[in-house]
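Source: prediction; values computed, not measured. Residue numbers run from 1 in the order of the sequence given.
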Amino acid sequence: MTDSTYWWKLAGRTFGFIVLLFLIAPIIAIIPLSFNTSSILAYPLEGFSFKWYAKFFADPRWWIAIKNSLIVGTATVCIATPLGTLAALGLSISSFRGKSFLIASFMSPMIVPTVITAVGIYFLFSRLGLANSLTGLVLAHTALAVPFVVITVSASLSQLDRVLLRASASLGAGGLTTFRRVTMPLIMPGIVSGAIFAFTTSFDEVVVAILLTGPEQRTLPRELLSGTRENLDPTVMAVATLLITLSVILLLAVTALQQRSSRLVDRNR
């Protein structure tokens, strides 16, 4: 390795580390504040305490919000994952006029600003009587989550060896049997990754939740936003720290699934 190549690589790694630090610094700054004894969120910390966590676990308002978020997130996963998987399968095996437009339509919830999507869903669901209900919120979150499932499953399907499918058909297996015994096990990491992304999309979404939910359907992100509007409640920092921990766990799970998918692809080549 020449000296110039070494310095270019070092500069690239340094720049990447600076960008990473810039992105995660606000997140890291939240965690110590959740253990501060003072109700004023400022550095330096006055002391170390778990009282804001205790306040969070003792407040039924937060538990109702968590329950609603878990119900909506779980229902979103149960609907968005099969829909996104079927859509990805159909797009991968079919070739027809207008396919590019259909793919763009699937991806539009990721491109269109969320507030525009939320306003459109609100006016539609108000006419259908689905506003101020968890059912309406689940359907709205499903529309936002399906594109993530389509992307992850499509990525797994792009690495699938079609020879295995032809071999299954030559042995007399039907389309459903081939999918159940061959295709689905190989793309399962992509399906599970899509389900995780669908859950996090629903669990973290707040704009649609503000428009579609009433006082009885408040979700955790909406409750967090309420805690920062007028007088910032330090309990919000404790909740945010717990959500950061959950996000890290889910990120590690997605990374492990991607590595497993790569090993399956390499094993079948």
Side-chain angles (χ1 to χ4, degrees), residues 66 69-96 99-100 102-111 134 137-205 220 242-269:
I66 291 175
S69 290
L70 289 175
I71 291 174
V72 173
T74 303
T76 299
V77 169
C78 293
I79 300 175
T81 304
L83 289 179
T85 301
L86 292 174
L89 285 168
L91 293 172
S92 66
I93 64 177
S94 302
S95 181
F96 52 90
K99 180 178 178 179
S100 299
L102 185 60
I103 294 175
S105 300
F106 274 116
M107 299 299 109
S108 60
M110 300 177 62
I111 302 171
L134 292 182
L137 188 60
V138 168
L139 295 177
H141 282 183
T142 299
L144 297 176
V146 164
F148 293 95
V149 182
V150 172
I151 289 175
T152 56
V153 176
S154 296
S156 295
L157 287 170
S158 65
Q159 299 178 345
L160 182 64
D161 190 354
R162 305 292 175 175
V163 174
L164 298 175
L165 305 183
R166 291 194 292 268
S168 176
S170 67
L171 294 173
L176 184 60
T177 303
T178 298
F179 174 76
R180 183 171 55 88
R181 301 292 296 272
V182 179
T183 306
M184 192 169 71
L186 292 176
I187 67 172
M188 184 57 69
I191 296 175
V192 176
S193 297
I196 292 175
F197 281 119
F199 179 80
T200 54
T201 299
S202 173
F203 201 80
D204 293 338
E205 201 285 321
L220 186 58
L242 294 175
L243 289 178
I244 290 170
T245 304
L246 176 62
S247 300
V248 171
I249 294 173
L250 292 177
L251 179 62
L252 293 175
V254 170
T255 303
L257 288 170
Q258 290 176 344
Q259 293 177 349
R260 181 177 181 273
S261 178
S262 299
R263 288 195 298 267
L264 286 175
V265 172
D266 295 337
R267 187 183 305 167
N268 291 301
R269 284 179 177 176

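- For the atom pair CG (Leu89) and OG (Ser154), the distance works out to 8.5 Å, reported to the nearest 0.5 Å.
- Atom CG of Leu242 sits about 10.5 Å away from atom OG of Ser247, to the nearest 0.5 Å.
- Phe203 meets the ring-ring contact (aromatic ring centres under 6.0 Å, His included) test with Phe199; sequence neighbours excluded.
- The shortest non-hydrogen separation linking Val77 to Ala195 is CG2-O, 3.5 Å.
- For Val138, the side-chain contact (heavy atoms from CB on, under 4.5 Å) partners at least two apart in sequence or on another chain are Val72, Ala75, Thr76, Ile79, Thr142.
- With hydrogens and angles ignored, the 3.5 Å screen pairs no side-chain donor or acceptor of Ser202 with any backbone N or O of Ala198.
- With rounding to the nearest 0.5 Å, the separation of CD1 in Ile66 from CD1 in Ile71 is 12.0 Å.
- Leu251 CG to Thr200 OG1: the interatomic distance, rounded to the nearest 0.5 Å, is 10.0 Å.
- Rounding to the nearest 0.5 Å gives a distance of 10.5 Å between CG of Leu243 and CG of Leu250.
- In plain terms, the two heavy atoms of Gly84 and Val146 that are nearest each other are CA-CG1, 4.2 Å.
- Counting heavy atoms from C-beta outward, Met184 and Ile191 have side chains that approach closer than 4.5 Å.
- Looking only at distances, a side-chain donor or acceptor of Thr152 sits under 3.5 Å from a matching main-chain atom of Val149.
- Residues Ala88 and Leu157 approach most closely at O-CD1, 3.6 Å, considering heavy atoms.
- Here NE2 of His141 is found 4.0 Å from CG of Leu137. Values are rounded to the nearest 0.5 Å.
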